[in-house]
There are 2 protein chains.
Amino acid sequence: MSTNGRPREFKDEAVIDAAMEVFWEKGYEASSTQELCERTGLGKGSLYNAFGSKHELFEQVLRRYSQIGLDRSIEILGRPIPVKERLRALFIWAIDMDFADPNHRGCLAVNVSMERAGRDPMVERTFGEYLQTLEEHIIAAIEDGIQSGEISHKHSAFQLAQLFLSSYYGLRVLNSATLNRDRALQIVESTLDVMF
Amino acid sequence: MSTNGRPREFKDEAVIDAAMEVFWEKGYEASSTQELCERTGLGKGSLYNAFGSKHELFEQVLRRYSQIGLDRSIEILGRPIPVKERLRALFIWAIDMDFADPNHRGCLAVNVSMERAGRDPMVERTFGEYLQTLEEHIIAAIEDGIQSGEISHKHSAFQLAQLFLSSYYGLRVLNSATLNRDRALQIVESTLDVMF
DNA sequence: TAAATATTTGACTGAGTGGTACACAAACCC
DNA sequence: GGGTTTGTGTACCACTCAGTCAAATATTTA
């Protein structure tokens, strides 16, 4: 094609990961380009040359975050254990994430979806696509459980998946305010207990 | 006490309501003092004289929002109808709020709790207190239902209340991304169906 | 009317914002 | 080596941010 120029001194992936930390801690608005530069190690010129704008960098961060979360969720939902245990594992993984960081920064995707609800089509689209894919996998897992007889067919897989998803995200909202791991685990048990 | 000076030309309540609209649309960070002044009709001096800082004004907004929501929730939970219908009414009221505004701004308290999760003790405290009070009233309503025989005592009121609350807030997260009223109503029916 | 007090106004501050311009550096191809 | 291309570092841009302040104004009490 064309001759090469000076090679980049960084890997895009590493920069996106570093930027992710900033957006995760501060949210979108409160993350300044200056801090983004400091934490990624890039100068402004490099950062803007490579990513175009704060918002485009943010888009890549959100896509990567969603992809990682989705990969992990799908892995958990595919484990060779009872479906109820897979759903419990998904809950517990989320709780571990919520309480892993000392300043309980929660879930980046949920945080920014709420922060920018109704004003950022990119965020709505990205989070919406993520949700749809996650839902499909949850429905599939529950359907497996119904077919194998593990789960009663009193409710449809679709109904149960919806209940799971709303409870799953509600839990994370509650975690941001109540900050109590044991309480979160109680909610998980209640939810699974009522669902099955 | 002391002699009066020039009287205020505004009612605090009206200013807080106007500021609420701004924070609701934009979130905390993205609401500028300038827009706050324009929409409240106050000059900067008056606003700072009366409320001290953007953050203190925000605190009053959040308190007022929570109080209004709590009053309404308690009213709904006290209606002389079956408990299941009260919980359904609470769900539907929330959905109506989420979809009332054309740019679906959602729930102010949830939005800012997520936006400022882990970085704003005032928000955590205010939302936490609100949640605790709401939970108490939901538990009381469900206990009524259990005692009257409307609800089976297969699960405790505490368990069911937790499931309701997580599903309730999860629904609002999902609403911010999927933007589909019918879908939200389906989730409500699924949740109530599985719960009872 | 005059003193005392509280509120309003809007210009102003210093720091910080996202983003740009451009000189310079480092690679490739001939 | 030149010529081209791309990346980097930094000074700089116009603008916005939250917050301040002194002067003007409106009220009550004396």
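Numbers restart at 1 for each chain; the letters A, B, ... are given by sequence-line order, proteins then strands. Values reported hereafter were calculated over all heavy atoms of this structure, with side chains retained and with hydrogens, waters and symmetry mates removed.
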Check B/K84, B/R183, B/R88 against B/E189 for a salt bridge (Lys or Arg N to Asp or Glu O under 4.0 Å) and give me the one that passes.
-> B/R88
Check the distance between C/dG19's P and A/F58's CZ and give it to me in whole angstrom.
-> 13 Å
Determine whether the side chains of B/S32 and B/E35 contain a donor N or O and an acceptor N or O closer than 3.5 Å.
-> no
Distance, rounded to the nearest Å, where B/K11 contributes NZ and C/dT8 contributes P | 12 Å
B/F51 CZ to C/dT8 P, in whole Å, measures 10 Å
From CD of A/E38 across to C1' of C/dG16 the rounded distance in Å is 12 Å
Which nucleotide in the list C/dA27, D/dC17, D/dA24 gets nearest to the side chain of B/R6?
-> D/dA24
Picking from D/dT20, C/dT7, D/dG9, the nucleotide nearest the side-chain atoms of B/Y48 would be D/dT20
Mapping A/A30 and A/G52 onto DNA chain C by nearest heavy atom, which one lands closer to the 5' end?
-> A/A30
Separation of D/dA18 P from B/K26 NZ (nearest whole Å) | 12 Å
Does a distance-only test, which skips hydrogens and angles, find a donor-acceptor pair under 3.5 Å between the side chain of A/K44 and the base of C/dG19?
-> yes
Assign A/F10 to base, sugar-phosphate, or nothing according to its heavy-atom contacts below 4.0 angstrom with the strands shown.
-> sugar-phosphate
Between the base of C/dT7 and the side chain of B/R8, is there a donor-acceptor distance below 3.5 Å?
-> no
So does A/Q34 get a side-chain nitrogen or oxygen closer than 4.0 Å to the phosphate oxygens (OP1/OP2) of C/dT17?
-> yes
To the nearest angstrom, how far is A/L36 atom CG from C/dG19 atom P?
-> 10 Å
Between C1' of C/dG18 and CD of A/E29, the distance in whole Å = 11 Å
Any side-chain donor-acceptor pair under 3.5 Å between A/D182 and A/Q186?
-> no
Ion pair present between B/R116 and A/E115, side-chain N to carboxylate O less than 4.0 angstrom?
-> no
Is any side-chain nitrogen or oxygen of B/N49 closer than 4.0 Å to OP1 or OP2 of C/dT7?
-> yes
Please state whether the rings of B/Y28 and B/F23 are parallel, tilted or perpendicular, taking 30° and 60° as the class boundaries.
-> parallel
Just checking B/S32: base, sugar-phosphate only, or nothing, at a heavy-atom cut-off of under 4.0 Å?
-> sugar-phosphate
For A/G41 and for B/T33, find the nucleotide of DNA chain D with the closest heavy atom, then tell me which residue's nucleotide is more 5'.
-> A/G41
Report yes if a donor N or O on one partner sits less than 3.5 Å from an acceptor N or O on the other, where the partners are the side chain of B/K54 and the base of D/dG19; otherwise report no.
-> no
